[in-house]
Amino acid sequence: MVNITLPDGSVREFDGPVSGEELAASISKSLAKAAVAVRVDGKLKDIYLPIEQDATVEIVTRDSEDGVELLRHDCAHVMAEAVKELYPDTQVTIGPTIDNGFYYDFSREERFTPEDLEKIEARMREIVQRDEPIRREVWDRNEAVEFFEGMGEKYKAEIIASIPEDEEVGLYRQGEFIDLCRGPHLPSTGKLGTSFKLMSVAGAYWRGDSRNEMLQRIYGTAWASDKELKAYLQMLEEAEKRDHRRLGREMDLFHMQEEGPGSVFWHPKGWTLFQAMIAYMREKQRLAGYQEINTPEVLDKSLWEKSGHLEKFGENMYLTQTPDERVFALKPMNCPGHVQVFKQGIKSYRDLPYYLAEFGKVHRYEPSGALHGVMRVRAFVQDDAHIFCTEAQIAEECVKASRLIYEIYRDFGFDDVRVKFSDRPERRVGSDEVWDHAENALKEALNQLQVEWTLNPGEGAFYGPKLEFVLRDAIGRDWQCGTVQVDLNLPERLGATYVDKDGERRHPVMIHRALFGSLERFCGILIEHYAGHFPLWLAPEQVIVATITDDADDYALEVLSAARARGLRADADLRNEKISYKVREHSVTKVPVILVVGKREAEERTVAMRRLGGKAQEVMSLDAALDALADEARSPLAR
RNA sequence: GCCGGAAUAGCUCAGUCGGUAGAGCGACUGAUUCGUAAUCAGUAGGUCCGCGGUUCGAUUCCGCGUUCCGGCACCA
């Protein structure tokens, strides 16, 4: 007797072992048709395998979240099958699912071309047509290793050999193709459907390690229906339209050029946006008790030797030699400079926590392949600050800094923020005891914050563990922005001390924190997040006064002065062009408000206010319009 | 840095099987005085990314380099 409990709580009795297929069929015909797998006591299983003991079972349908995941995984296998059929000399490696799709890494002498992708996709559709059953087999580990080695599949053999001894070696067979896989899978290739598409081919290191050989990775996307596939492809197109590199040019915010790889030329409008961000942060930090400073960008090599930067971060540093043959480094971080400021005069425990902030421009020689618009550059401004405090104050100060980050992101329109905790890296300074201490303090802060977080093992800074605050951009890419780092090493290395209650000199703890992180990156994220439609307080150009004919020129200039007098960033468009032409042009550059004035408005001292993207316009008195706009243009901190 | 791809007018792109290039938009000039996302006409604008090589001749073919794009690795 096997008792199966269904999600609704009902229990079904069977005389003996029952498969998911049979169970679904016993419930309804339509469910049997839609069923592709089962979840037995929380674990996904193949639908044709017998359930031999009492269990809670959920039928997984093709269009459910689990179902789509399986479908994508199968898609990867079918792709591998197609590749092996077309190019038998190829070795297969791994093929997992990812957001929106899947990939599979192959090893092959020749390169896959876009034409090859078309062929592979066509063959995949044939395999779906064949509707090959996909069946699980449990193999003896050594036999499996021999089998794959015999086929010349050295990567597969290596993976199998590395599976823990107590785990089953499960292989899945579909047609002639057999692959190692944890599973489960759909019952046959026909269940895959046709809503998939191969997207691109790219290089990827074997086991994700740059010391290993490079494989060829083919990316694909797969969905439960053509409708969803189409929606996804459309989303990609939309994302392309809001790409900050494109909008940066269209809105005349910035440019970059060959002579300065990874360096931004900010144009007047882009710099206005940048300054609006700084103005906001300056005020936010003032309210939180920070003092702003400014420290040198070029400092003698010896300081960077003392701090450990040259040893642990040197690959990323720009060095420069002066005519007197002294060697200086462009600062890649602001911390050593801030320690120098802290060290001036004698600090008492009563001075702690001591907050120093700087909008510091740092230079880092980043790998060329990492550069990406303003998101990943070699010269950027950090809203950096260092909090010098006692060990007892660490957790509280980390909590305060983290809360600032959440508040700020909310003001800029981001609610979905993820946190990663990065612990000690291989390349580090300081003893294990010190690291234990720093990591525990940071974890305590996370506890107090009561937020979800994930561990990012070995990704901490060389001087301390860190919290990383991550935002997702329009194309689904994650960007690390804010960070809070606990440092028990640099103050000692650089000789920073304070006099404690007992008269002893002690090294303070240093908390490094950046809230935007990089102003450049945050700015890029803002552009994409808003698709260039900035809220009024951030828009580089807030108001355009546009005339209908030159009858209104004098009045338009009067409106312009009045708008500027209220602090609005405004300009006038008096050109002899049709109003529809002007509206289009300023809409393309995403000016949020156009005040249209013609003869009628001039006579009545009104304006016709038109919002970006809006259909209608509102005629209101000049004063009322400017009052409303000036109010709306205030920063969130002034509300 | 690694794998693959690309680089032609300000932008988007076409083109030359080797004989020094073209469109649309934009810019400029003129006309048009017009009510909410493109008025009409004309003009100008190019080291075809750079350096070598092959060739009578290279923007085109080959090599090297630079930058960019998509990934990987790295990272704020």
Side-chain angles (χ1 to χ4, degrees), chain A residues 103 105 111-114 199-219 243 245-246 249-250 252 255-262 313 315-316 332-333 362 364-384 422 456 459 461 466 468-471 475 477-483 485 512 514-522 524-525 546-553 575-589 594-601 608-617 619:
Chain A
Y103 67 77
D105 287 348
R111 304 289 142 207
F112 290 115
T113 65
M199 303 298 281
S200 63
V201 57
Y205 297 107
W206 167 236
R207 291 189 186 270
D209 190 326
S210 60
R211 287 167 299 193
N212 291 342
E213 61 267 58
M214 182 153 280
L215 308 170
Q216 297 189 71
R217 174 173 297 178
I218 300 178
Y219 283 95
D243 187 310
R245 292 166 297 190
R246 175 184 176 138
R249 186 181 57 244
E250 288 174 359
D252 196 17
H255 87 273
M256 302 174 91
Q257 62 188 47
E258 278 199 22
E259 291 85 346
F313 202 72
E315 290 164 9
N316 292 292
M333 296 188 196
V362 295
R364 297 183 186 173
Y365 181 75
E366 296 291 340
S368 56
L371 305 181
H372 178 88
V374 304
M375 301 286 209
R376 192 72 191 277
V377 290
R378 285 180 173 165
F380 58 101
V381 177
Q382 291 182 310
D383 59 329
D384 205 1
S422 297
N456 211 6
E459 297 294 322
K466 59 185 178 184
E468 295 170 336
F469 295 79
V470 176
L471 292 180
I475 322 171
R477 278 182 284 221
D478 287 338
W479 294 103
Q480 185 179 320
C481 295
T483 174
Q485 311 172 353
H512 307 236
L515 309 180
F516 288 138
S518 146
L519 273 282
E520 280 77 357
R521 176 178 293 176
F522 204 86
I525 293 170
T547 51
I548 300 214
T549 67
D550 55 16
D551 291 339
D553 281 3
R575 290 175 305 171
N576 177 16
E577 295 288 353
K578 299 210 305 197
I579 191 62
S580 54
Y581 180 88
K582 295 184 185 182
V583 165
R584 176 181 156 79
E585 205 171 83
H586 299 298
S587 299
V588 166
T589 56
I594 301 176
L595 297 179
V596 176
V597 296
K599 220 169 175 175
R600 204 156 62 223
E601 286 77 12
M609 184 152 75
R610 187 190 200 285
R611 296 282 182 164
L612 176 57
K615 292 256 185 300
Q617 56 279 344
V619 178

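Below, chains carry the letters A, B, ... as their sequence lines are ordered, and counting in each starts from 1.
Using N1 to N3 plus N6-O4 or O6-N4 for Watson-Crick, or N1-O2 and O6-N3 for G-U wobble, each under 3.5 Å, B/C28 pairs with B/G42. Nucleotide B/A7 has B/U66 as its partner under the Watson-Crick or G-U criteria, with both atom distances under 3.5 Å. For B/A14, there is no paired nucleotide, since no Watson-Crick or G-U wobble pair has both relevant distances below 3.5 Å.
Following rounding to the nearest Å, A/Arg249 (CZ) and B/A9 (P) show an atom-to-atom distance of 13 Å. Distance CG (A/Asn316) to P (B/G1): 13 Å, rounded to an integer number of Å. A straight line from CZ of A/Phe112 to C1' of B/G70 spans 17 Å, rounded to a whole angstrom. Atom CZ in A/Arg584 sits roughly 11 Å away from atom C1' in B/G26 (whole-Å rounding). One interatomic measurement links the two molecules: CE of A/Met256 to C1' of B/U67, which rounds to 11 Å at whole-angstrom precision. When rounded to the nearest whole Å, the span between CE of A/Met375 and C1' of B/A76 equals 12 Å.
Between A/Gln617 and B/U36 there is no side-chain N or O to OP1 or OP2 distance below 4.0 Å. OP1 and OP2 of B/C68 both lie 4.0 Å or more from every side-chain N or O belonging to A/His372.
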List, with names and distances, any nitrogen or oxygen atoms from the protein found under 3.5 Å away from nitrogen or oxygen atoms belonging to nucleotides 64-66 of chain B.
{"from": "B/U66", "atom 1": "O2'", "to": "A/Glu258", "atom 2": "OE1", "distance (Å)": "3.4"}

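Nearest nucleotide to the A/Arg245 side chain, out of B/U36, B/C72, B/G70: B/G70. Here the side chain of A/Ala608 is nearest to one of B/U36, B/U39, B/C34, namely B/U36. Each of B/C3, B/A76, B/C74 was ranked by its minimum atom distance to the side chain of A/Arg111; first place goes to B/C3. Checking B/C74, B/G71, B/U33 against the side-chain heavy atoms of A/Thr549 singles out B/U33 as nearest.
Mapping A/Thr483 and A/Ala204 onto RNA chain B by nearest heavy atom places A/Ala204 closer to the 5' end of the strand. Residue-to-nucleotide proximity on RNA chain B shows that, of A/Tyr219 and A/Gln480, the 5′-proximal contact is made by A/Tyr219.
Comparing the same atom, C1', in B/G18 and in B/U55 gives a spacing of 9 Å after rounding to whole Å.
For A/Arg376 and B/C74, a side-chain-to-base donor-acceptor distance below 3.5 Å is present, hydrogens and geometry of angles not being considered. Taking 3.5 Å as the limit, the base of B/C34 and the side chain of A/Asn576 contain a donor-acceptor pair of atoms between them.
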